[in-house]
Each structure stands twice: as structure tokens, then as C-alpha cells.
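This report refers to the structure that appears directly beneath it.
Note that the structure is predicted; figures quoted are calculated from it, not measured.
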Amino acid sequence: PLSDVRNFCFIAHVDHGKSSLASRVLELLGNFSLTQDSFDKVATTPQNSSNVPNYDEHNTKDTQISSSNNTNSSKEDYLKLDTLTVEQQRGITVKASAASMLYKPRDPAICSPDNPTKHLLLNMVDTPGHVDFGFEVSRSLQAVQGALLLFDASQGIQAQSLSVYQKAKEIQHGQIALMPVLTKIDLPHARPLEVALAISDVFGFDPDAVIHTSARSRIGIEEILEAVANNVPPPTAVEDASNGNSVPFHAQVVDSWFEPLRGVVCLIKVLAGAIREGNRMAVLNASFFDNTNNSTNNNKDHFSVQEIGMVVPHRIRTHELTSGRMGYAVVGLRDPRQARPGSILVAHADLNFIAQQIAMNPENKNTHADKNNNSLWSTNLKQIATQNSSSNNNEKSVLFASVHPMEAYEFDELVAAVDRLALNDTGLEVHRTSGASNSTGENGGPFLGPGLRIGFQGLLHVEVFRQRLLDEFGMEAIVTPPKVPYTIQYLPSKSSRRSQDDPTEEVIEDLANWPQSGERFDVLEPIVAVRVIAPVEYAGSVMELIKRKRGYDMETQPIDDANWMFTAHMPWGEVVTDFHDSLKNCTAGYASFDTTEAGVKKGRLAKVSIMLNGDVVEPLTFVSHVDAAQAEARVVCKKLKETLPREQFVIRIQAKAEGKIVASESIKAYRKDVLTTGGSKAVGGGDITRKKKLLEKQKRGKKRLQSQSGGAGGGKVRLSQAAFNSVIARSN
């Protein structure tokens with residue numbers, strides 16, 4: 001029954017033990033040992049309390065604990081939720097993962113009287129902790145009714161702890177049940193009592209209600225399950241007020257990914273009805289509800305369900321999913337854009353009926369239709385589609401970078417790989433003119449060629465994107481240094497080349513569109529509110545760093561006896577360069593921070609152009625404060641000198657700001673000794689004319705090599721990813 005379903009997720013700061021604790025929950029309930037054969041055996045037996053495994057019995061738990069202590073299986077279990085290669089290599093979660101399990105609560109009265117097994121169906125979601133993947137947390141919170149807020153017993157409250165708490169309060173109008181949990185209480189330097197009191201002061205939780213756990217020692221795992229069973233409400237049943245008509249099937253796409261052999265695979269949550277293998281389905285998005293008169297055009301976008309099952313976290317084929325269940329569906333789609341997360345799955349046969357109900361709804365259309373004939377499920381259907389569409393749009397990109405293939409002929413392969421990756425990573429914002437081979441895409445100039453313009457959520461998001469391209473698609477790409485968007489306000493000027501019809505204000509995401517010299521303009525840079533939590537002994541270093549990064553409106557607030565919270569406003573461009581690394585260095589790695597948008601502010605900024613042999617390399621261009629432009633330009637030029645490979649010609653590296661050269665370096669050319677061959681002299685003793693002839697020939701060859709690229713006296717310089725990374729961290 002739907003009343004015996006519990007949907008919950010883990011939310012916390014990065015590295016507070018979410019995946020480890022989720023793995024222990026799955027281990028306790030026997031999910032790792034569940035196979036397709038064992039499930040089929042149970043599924044073919046009539047349901048009663050005797051044939052459902054009692055995973056929570058103490059003897060089973062003791063057996064699992066002793067067996068896992070004698071083997072290395074527990075170490076492998078941690079990796080079963082983090083399935084991506086980048087997650088296993090970095091030890092972080094970048095993608096939310098779900099799993100379903102059965103649990104028999106201590107109090108059978110919690111279960112519905114119609115449930116003979118007295119087991120609850122728990123749908124669990126493990127979320128990322130890093131701020132760059134906050135869109136995964138938001139999407140997971142949309143699909144659950146409860147959340148476990150985790151705190152490290154040694155680190156205490158961190159910046160992302162406050163961020164995910166506020167996010168959980170805002171989503172679903174604060175209806176999500178929150179339960180505080182302390183993790184890693186068995187560590188020698190754990191402070192469970194102090195952290196519990198700090199949680200009570202900051203968040204208002206009862207200190208006695210904080211659950212004490214340890215994934216390593218398997219402490220408090222069953223208490224977590226009991227808290228979920230007692231405190232998380234079941235999902236709301238979808239009711240119909242249209243004269244007792246049955247509610248048609250509809251499900252929400254929670255996540256989706258692309259597999260080369262199976263096509264698009266969707267993780268769905270069934271809201272009403274049931275879905276079975278062989279059913280013909282259609283995908284609805286927000287545009288369907290805007291123009292239901294053209295809904296018949298969507299009939300061609302139907303497909304047949306090939307496989308249905310549950311995720312435990314590996315796949316178990318069940319052949320059907322009923323209301324309240326969460327599972328996977330192989331739908332046979334080849335175009336990743338057809339099943340974006342947040343879309344609605346409906347039966348193809350019900351498509352016209354759904355369109356009629358939506359058209360009759362007075363909330364969808366300004367008519368005098370009878371409200372008694374209005375279907376509540378149709379209103380909920382539109383709200384779900386539009387809510388998920390708006391939530392995806394709210395995750396605006398904060399960084400923009402160009403992505404280029406290593407070779408120009410690989411551009412079409414890059415476009416296909418990015419499209420498939422964007423299906424699974426909704427935080428990406430891809431801009432391109434077309435996917436054709438003759439499309440120039442994002443112009444990379446003579447150094448990079450065609451590419452894509454992509455928006456990201458942060459620097460870690462950029463690194464993970466590049467590594468996933470290589471791991472999952474074998475595509476090695478060059479990602480240019482990320483740029484933040486700037487707002488340009490043009491001022492009246494007699495020397496302006498702009499027409500009167502041009503807008504007086506525009507947002508610049510690509511620095512190639514920066515105003516030309518001779519224009520009068522103001523620059524508005526994005527500002528973020530930074531919240532830093534660090535040990536009190538590093539307070540001086542943190543405040544000095546914030547001041548050096550042009551922070552203002554700084555305030556401090558003690559959280560407990562060991563940690564302080566620092567809040568300030570700071571230019572976003574200063575944060576994305578090397579603020580994270582500098583903060584970790586000055587606090588011995590103990591500090592954490594998160595950011596929220598705080599508008600824009602006028603700044604004295606200058607565009608610094610990097611030139612190689614006289615040619616401007618736009619991807620290496622950056623924006624800096626006028627007072628720091630020369631110092632940062634020198635750092636970039638020196639780093640480029642160290643990273644660029646030596647060529648047969650001289651490479652001149654120059655930085656230009658406000659119309660003048662502010663920094664310069666050069667890389668000497670390889671020089672072959674043409675006067676010797678194989679260790680012996682190539683010309684005779686005193687024949688100076690022969691020596692001069694060979695040297696002049698070498699000189700003419702180097703000139704010809706430099707002129708082949710058509711640059712201003714410069715040759716074809718090879719750029720690597722390391723050269724672009726040198727622009728990101730450019731502080732003195």
C-alpha cells in the first residue's frame with residue numbers, strides 16, 4: 001500500500017559520511033546479497049509475513065557483521081553507490097543515487113492493516129555534498145518526504161550543512177521531515193556532546209533527538225531506519241474528483257542516463273497507476289501544458305517499455321512498478337533530450353484524455369467550466385511539470401567555458417558526447433549553433449578551432465565534466481579557463497562606434513565580446529555572499545584572505561568553542577580563481593565555505609589579453625581588477641613559460657591591458673648546431689664563407705617556419721590543458 005512507502009534522502013556537507021552510512025543501511029537490510037534469482041523466487045510465492053526476508057533480525061545482523069569483518073566486502077560496498085569512475089577516484093559523490101529496500105519496523109502498528117507482510121518499502125537517495133552539485137540535492141529533495149541531515153562528530157557544523165538545511169526548508173514549502181544525525185562518533189577526536197548542543201543552538205533541534213551513528217563500527221544504523229519509519233510521512237495519494245473516474249497512470253522522471261547498448265534509461269517514481277513491460281508510453285514536459293490543442297503532435301513521440309525493475313542499488317527486474325515505487329525503466333529512446341529529469345511519463349492511450357482534462361481545468365484555461373468536473377490529478381500533473389522545469393531553470397550557470405576537441409574533425413563526436421552527458425548532468429548549460437560538421441560552434445581562433453560554450457556550477461564541476469568525458473566516452477577535450485558573466489553599461493561617447501539601436505546594457509559571457517577601445521562603459525561584476533566556517537585559531541588568516549580577495553561587509557559569529565562563522569560579500573570572479581585552495585592552505589584544510597548570489601556591483605576592472613607571437617589567444621584572456629592586473633599578468637606569463645612546449649622558433653608571451661603591454665616573457669627556440677654532423681665538423685678548418693652559408697640557410701628556414709601559420713611573426717604554438725589551467729590560479 002502507498003501508506004507503507006517512505007521516501008527519504010541523506011543530505012550533508014561533503015565528506016560527512018553520507019555514502020558510507022547509506023551503504024551500511026543497505027548492508028543491514030541485505031540488499032547487497034539480493035539477486036535476481038532470489039527475488040524471482042519470492043515474487044512467485046504468495047505474499048505473507050513468512051516468505052519476506054526478515055533482514056532486521058538480530059541473528060541476521062550479527063552474521064552480516066561478522067562476515068564483513070572477516071572479509072574486505074565492506075570496503076567494496078562503499079563503492080556500490082558511487083558508480084562513476086570519477087567518484088571512486090576522488091572519493092566524493094557527484095551524482096545522486098537511489099536504492100529501494102524492505103524494512104520491518106519494531107512497531108507493526110506503523111504498517112497498514114492491508115499489508116500482510118508488515119514491511120515498509122523504503123526508497124533512499126544518496127546526494128552529493130559539494131556545493132557545485134547542489135542541483136542534484138534540490139532535485140532529490142523534490143522527490144522525497146524526509147531527509148536525514150548529517151553532521152560529522154569531529155568537524156561539527158560546516159558551511160554546506162547550513163546550505164542544505166535552508167534548501168530543504170525552501171523546497172516543498174518546508175514540508176520535508178528533517179532528522180539530525182551525528183556520524184563518525186567512534187573517532188578519537190569526536191565531540192558528540194558539543195556538536196549536538198551546537199546543532200540545537202543553530203538549527204533548533206532537540207539535542208536528545210540527535211541520532212548517534214558510525215558507519216565504520218555499525219552504530220545506530222537500525223535507529224536511523226526506525227526514525228525514518230516513524231517520522232517520515234508516506235507520499236500523498238493522488239485523488240480524483242471527477243465523478244469517481246480512475247486516475248490514469250503517470251510517473252515522474254527523477255533521473256536519466258544514456259547507455260550505448262540500451263539507449264536512454266530512466267529512474268522514475270510512479271505517482272499513480274502502474275507501468276508494465278510492453279506498455280506504450282509518452283513523455284510530457286512543460287510545453288505540453290502550455291498548448292494542449294497541439295497535443296496530438298506528441299503522438300509520434302511514443303515508445304514501448306522494454307524493461308522495468310527496481311534499483312537496490314543494482315538492478316532487479318520486476319516487470320512492473322506500481323504506485324509509490326521508484327525504479328528504472330529502459331524505454332528504448334536514442335535521443336537523450338526526449339527524457340529530461342522532471343518530465344512526466346503517461347500511457348500513450350491516455351494522451352488525448354489527459355489533454356481534455358487539462359483543457360477543461362479552469363486553472364489552466366480561463367473558462368467557466370464546472371469545477372466539480374475538474375480533475376485534481378490533472379492540476380497536480382501540471383504543477384509537477386512546471387515546478388521541475390522552473391527548478392531546473394533556477395540552477396543558473398555561474399561559470400562559462402569553451403570546450404574544444406583535440407582535433408577539429410572530432411567536433412561532431414564531442415557534440416554527441418556532451419548531449420548524452422547533459423542528460424545525466426542537468427547542471428550543464430550547452431550553447432551551440434548546430435551539430436553539423438561545418439558548424440564553427442564556439443570560435444576558438446587559430447589555436448583551438450570549433451568548440452562548444454558550456455555553463456557550469458563551479459570549478460569542481462568543470463573538472464568532473466572533463467574527466468567524465470574521458471572516462472565514459474573516451475573523448476579527450478580541452479576546457480578553457482572558466483569566465484564569470486559581467487554586465488556592461490555603455491555610456492554616451494562621441495567616439496563610440498555603436499548605433500543608436502544597440503542596447504545600452506548587455507551581459508558578457510565571452511570576453512571576445514568585451515567593448516572595444518574608445519568606448520565609455522561601466523562594468524558590473526557579480527557579487528556573492530560568502531559564508532566560511534573555520535577553527536577559531538585561524539580567524540586572522542581567514543579575515544586577511546577575505547580582505548585580499550576584495551571582500552567587504554565582513555561579520556563573525558561563534559558557532560561553538562572551536563569554530564567561528566565568517567560572512568562577507570565578495571566578487572564572484574575572485575572566488576572562482578583560487579579562493580578554495582587559498583582557504584584550505586591558510587587553515588590547514590579545516591575550513592569550509594559556500595556561496596549565494598548577492599547581485600552585482602560596479603567595479604574597476606580591466607580585460608587582460610594574452611598574446612602568443614602577436615596573436616591574441618581569447619581563451620587565455622581574463623578580467624582582473626585594475627590595481628592587480630599587472631601582477632596577475634606577470635604570474636600568468638611566467639606559468640605559460642613553464643608549461644608551453646619549446647618549439648623550433650622563439651615564442652613571445654605578452655599580456656596586454658588597457659592598450660599597453662604589462663608583462664612579457666619569451667621561450668627560446670631549439671637551435672641545431674649545423675656546423676657539426678655526428679660529432680665531427682661539417683666544414684673545413686678556415687673556410688668562413690661555407691660556415692656563413694650554412695648559418696644563413698638555417699636562419700631562412702626558421703623564418704619560413706614562423707610565417708607558415710600566418711600569424712604576426714609567430715609560429716603554430718601547441719596549447720595543452722596545463723596552459724589553460726595556469727590562468728585559473730593566478731594570484732601572487
Side-chain angles (χ1 to χ4, degrees), residues 83-87 94-96 128 132-133 135-136 139 253 255-266 285 333-343 392-393 395-445 447-483 485 509-510 512 618-619 719-721 724-725:
T83 56
L84 299 178
T85 305
V86 63
E87 293 179 324
V94 303
K95 188 71 188 153
D132 286 7
F133 306 100
F135 55 91
E136 291 284 341
R139 196 172 61 190
V253 179
D255 195 6
S256 52
W257 59 93
F258 186 88
E259 296 182 357
L261 299 180
R262 307 300 300 272
V264 177
V265 182
C266 300
N285 49 36
L333 293 175
R334 303 304 299 181
D335 187 358
R337 292 168 292 184
Q338 289 182 276
R340 297 277 188 190
S343 303
N392 290 336
N393 294 333
E395 298 291 345
K396 297 186 298 183
S397 300
V398 296
L399 293 177
F400 292 88
S402 300
V403 181
H404 303 264
M406 299 300 292
E407 301 293 341
Y409 62 84
E410 296 178 338
F411 178 67
D412 283 348
E413 299 178 14
L414 175 65
V415 172
V418 171
D419 280 344
R420 294 175 180 179
L421 189 57
L423 169 70
N424 189 243
D425 190 348
T426 56
L428 295 176
E429 183 181 341
V430 183
H431 300 279
R432 60 187 174 96
T433 53
S434 68
S437 300
N438 58 0
S439 172
T440 58
E442 181 71 17
N443 185 15
F447 296 95
L448 294 178
L452 299 174
R453 189 76 175 166
I454 300 181
F456 298 93
Q457 303 297 321
L459 278 179
L460 180 61
H461 193 198
V462 178
E463 297 176 11
V464 169
F465 166 81
R466 184 171 179 269
Q467 188 169 346
R468 289 189 66 183
L469 271 182
L470 181 62
D471 295 339
E472 300 176 24
F473 303 98
M475 175 65 62
E476 188 172 359
I478 291 180
V479 181
T480 62
K483 310 291 194 308
E509 297 174 357
D510 187 358
E618 286 294 344
L719 296 177
S720 62
Q721 186 63 48
F724 294 105
N725 292 342

Within-4.5 Å side-chain heavy-atom neighbours: [X] and [Y]:
X    : Y    : result
L460 : F133 : yes
F465 : V418 : yes
V462 : P482 : yes
S256 : C266 : yes
L421 : E472 : yes

[X] to [Y] - nearest heavy-atom pair and separation:
X    : Y    : value
P481 : P619 : CD-O, 3.2 Å
F724 : I478 : CE1-CG2, 3.3 Å
D255 : A96  : OD2-O, 4.2 Å
P405 : E410 : CB-CB, 3.9 Å
A401 : V479 : CB-CG1, 4.0 Å
D132 : L459 : OD2-N, 3.3 Å

Roughly how far, to the nearest 0.5 Å, is [atom2] of [Y] from [atom1] of [X]?
X    : Y    : atom1 : atom2 : answer
M475 : R466 : CE    : CZ    : 12.5 Å
F258 : R262 : CZ    : CZ    : 12.0 Å
E618 : K483 : CD    : NZ    : 8.5 Å
L414 : H404 : CG    : NE2   : 9.5 Å
E509 : R453 : CD    : CZ    : 7.0 Å

With a 6.0 Å cut-off on the ring centroids, do H461 and F135 count as close?
yes
Ring center gap for F456 and F400 short of 6.0 angstrom:
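Ring centres of F400 and F456 not closer than 6.0 Å.
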Under 3.5 Å, side chain of T480 to main-chain N/O of S402, donor-acceptor pair present?
yes
Ionic contact status for D425 with K95, cut-off 4.0 Å:
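The answer is no: the pair does not qualify as a salt bridge.
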